[in-house]
Enquirer: 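Just passing along the structure, written as structure tokens.
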Amino acid sequence: MKKSLVTALSVISIASWADPAPVADLSRAGGGAIQTPKYASTADRIAALERIVEARANAQVAMQQQVSALLDEVSELRGITEMHSYKLEEILQQQRNIYQEIDRRMGAGASSGSTPTTPTQPTSTPTTSVEQAPIGNPAAVVNADPAAETTDAGGAEASSSPSESDAYESAVNLVLKDRAYDAAIPAFENFVRTYPDSSYAPNSYYWLGQLFFTKNELLKAKAQFERVVAQYPQSAKAADSLSKLGQLAEREGDTAAAKQFYQLLVSKYPQAKPAKAAKAKLETL
């Protein structure tokens, strides 16, 4: 009897740990019981998972779109930055070129020391008219009076007073900074009138040639370039002026004169930068 009681208690204990039986729905007609499971069906679980996956996929798509938009903005900003950096470098290079040229000219004037040379630049108003300067005549440049050539870059003994340097820099800034070309012409003319023996004189005449060329006043431009070649053959702008004279002759269709200018450039200034371009021009003319 005691053993049967223990066995019965064990069965009851095990039954209490088992899953409860599903609840029977007795509301149907006929008293038939339809069992409803306690947990959601497999279809419901799959539908829930699909909703979760779809939500995550939509979130990933939105995130990718945001990342793509940010990358486009970064690329655009990088392009703008590179453009600004390029323009800034151009401006800085122009400034470096100006001050290097000023330093070189001042050094050339100082190196002439106390050895005076014969001034080659008249003290009168600088000539810009066609009648007073040789125009488009390579022979005039080739046969220029050797006595008129200077022994240094500035012609006469250079005076690099602060006022002189300021006046030259002010005229240059009208071109490079202000783009005031019309105002720059009288500024350079006034400079060479006030400082006819300046070491900046050849540069000033070269600037005048460039400015007249920009205004399409070609005869005046030629006069200034030829002045540099004839009166300042030792200056750094002599080779550039010969190159400009050749280009002007080409523009006017005077091939023979252009060849003469280029040949003169190559023979007198073979190491100058414009000489390489002049050689290439001679091969095509």
Enquirer: With heavy-atom distances below 4.5 Å as the criterion, would you say the side chains of L285 and Y262 are in contact?
Expert: yes
Enquirer: Quick one: closest heavy-atom pair of F191 and S198, and the distance?
Expert: CZ-OG, 3.5 Å
Enquirer: Regarding K222 and E252, does a basic nitrogen lie under 4.0 Å from an acidic carboxylate oxygen?
Expert: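 The answer is yes: the pair qualifies as a salt bridge.
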Enquirer: Hey, could you give me the NZ/CG distance between K259 and L282, rounded to the nearest 0.5 Å?
Expert: 8.0 Å
Enquirer: Main chain of P233, side chain of Y269: is a donor-acceptor contact present, judged purely on distance under 3.5 Å?
Expert: yes
Enquirer: When you group the ILVMFWY residues by side-chain heavy-atom contacts below 4.5 Å and let the links chain together, are F213 and L245 in the same group?
Expert: yes
Enquirer: Looking at F225 versus Y206, is the centre-to-centre ring distance below 6.0 Å?
Expert: yes
Enquirer: S41 and D44: side-chain donor and acceptor closer than 3.5 Å?
Expert: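 On atom types as modelled, these side chains qualify, holding a pair under 3.5 Å.
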Enquirer: Give a yes or no on whether a salt bridge exists between K215 and D182, defined as a side-chain N under 4.0 angstrom from a carboxylate O.
Expert: yes
Enquirer: How long is the span from the CD atom in E189 to the OG atom in S204, to the nearest 0.5 Å?
Expert: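 The CD atom of E189 sits 11.0 Å away from the OG atom of S204.
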Enquirer: side-chain hydrogen bond (donor to acceptor under 3.5 Å, both in side chains), that's the test. Do D166 and S163 meet it? Break it down for me.
Expert: CA-CA 5 Å; D166 292 342; S163 58; over 6 Å; no
Enquirer: Would a hydrophobic clustering, with Ile, Leu, Val, Met, Phe, Trp and Tyr connected at side-chain separations under 4.5 Å, put L242 with L218?
Expert: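 Looking at the clustering, L218 is in the same group as L242.
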Enquirer: Hey, is the main chain of N190 close enough, under 3.5 Å, to the side chain of T194 for a donor-acceptor pair?
Expert: yes
Enquirer: Rounded to the nearest 0.5 Å, what separation is found between the OH atom of Y181 and the CD1 atom of I185?
Expert: 11.0 Å
Enquirer: Calculate, to the nearest 0.5 Å, the distance between atoms CD and CD belonging to E217 and Q224 respectively.
Expert: 10.5 Å
Enquirer: Identify the two heavy atoms, one from P270 and one from A275, that lie closest to each other, and give their separation to 0.1 Å.
Expert: O-CB, 3.7 Å
Enquirer: Going through the distances and angles, do S165 and Y200 end up as a side-chain contact (heavy atoms from CB on, under 4.5 Å)?
Expert: CA-CA 9 Å; S165 299; Y200 306 135; 3.4 Å; yes
Enquirer: Grouping I, L, V, M, F, W and Y whenever their side-chain heavy atoms are under 4.5 Å apart, do V192 and V172 come out in a common cluster?
Expert: yes
Enquirer: Is the closest side-chain heavy-atom distance between Y195 and Y168 below 4.5 Å?
Expert: no
Enquirer: Restricting to non-hydrogen atoms, name the atom on A221 and the atom on G209 that form the minimum distance, rounded to 0.1 Å.
Expert: CB-O, 3.4 Å
Enquirer: Should Q210 and T214 be marked as a side-chain hydrogen bond (donor to acceptor under 3.5 Å, both in side chains) after you check the CA-CA gap, both sets of side-chain angles, and the distance that decides it?
Expert: CA-CA 6 Å; Q210 291 279 62; T214 301; over 6 Å; no
Enquirer: Would you say the side chain of L174 lies within less than 4.5 Å of the side chain of F188, judging by non-hydrogen atoms?
Expert: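 No, too far: nothing below the 4.5 Å cut-off.
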Enquirer: Report yes if the side chains of T255 and E250 come closer than 4.5 Å at any heavy-atom pair, otherwise no.
Expert: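 Sidechains of E250 and T255: no contact.
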Enquirer: What's the shortest heavy-atom distance between A171 and A187, and which atoms?
Expert: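 Where A171 meets A187 most closely, the heavy atoms are CB-CB, 3.9 Å.
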Enquirer: Is there a side-chain contact between P274 and L265 (heavy atoms, below 4.5 Å)?
Expert: yes
Enquirer: Go through the steps to decide whether L264 and Q260 satisfy the test side-chain contact (heavy atoms from CB on, under 4.5 Å), and finish with yes or no.
Expert: CA-CA 6 Å; L264 182 61; Q260 286 184 320; over 6 Å; no
Enquirer: So does V175 get a backbone contact from the side chain of R179, meaning a donor-acceptor N/O pair under 3.5 Å?
Expert: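 Answer holds: yes.
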Enquirer: Could you report the tightest heavy-atom contact between F261 and A249, atom names first, then the distance?
Expert: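 Residues F261 and A249, closest heavy atoms: CD1-CB, 4.4 Å.
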Enquirer: Please assess V228 against S235 for the test side-chain contact (heavy atoms from CB on, under 4.5 Å), listing each intermediate value before the final yes or no.
Expert: CA-CA 8 Å; V228 176; S235 73; 3.9 Å; yes
Enquirer: Quick one: NZ on K276 to OG on S243, what's the gap to the nearest 0.5 Å?
Expert: 14.0 Å
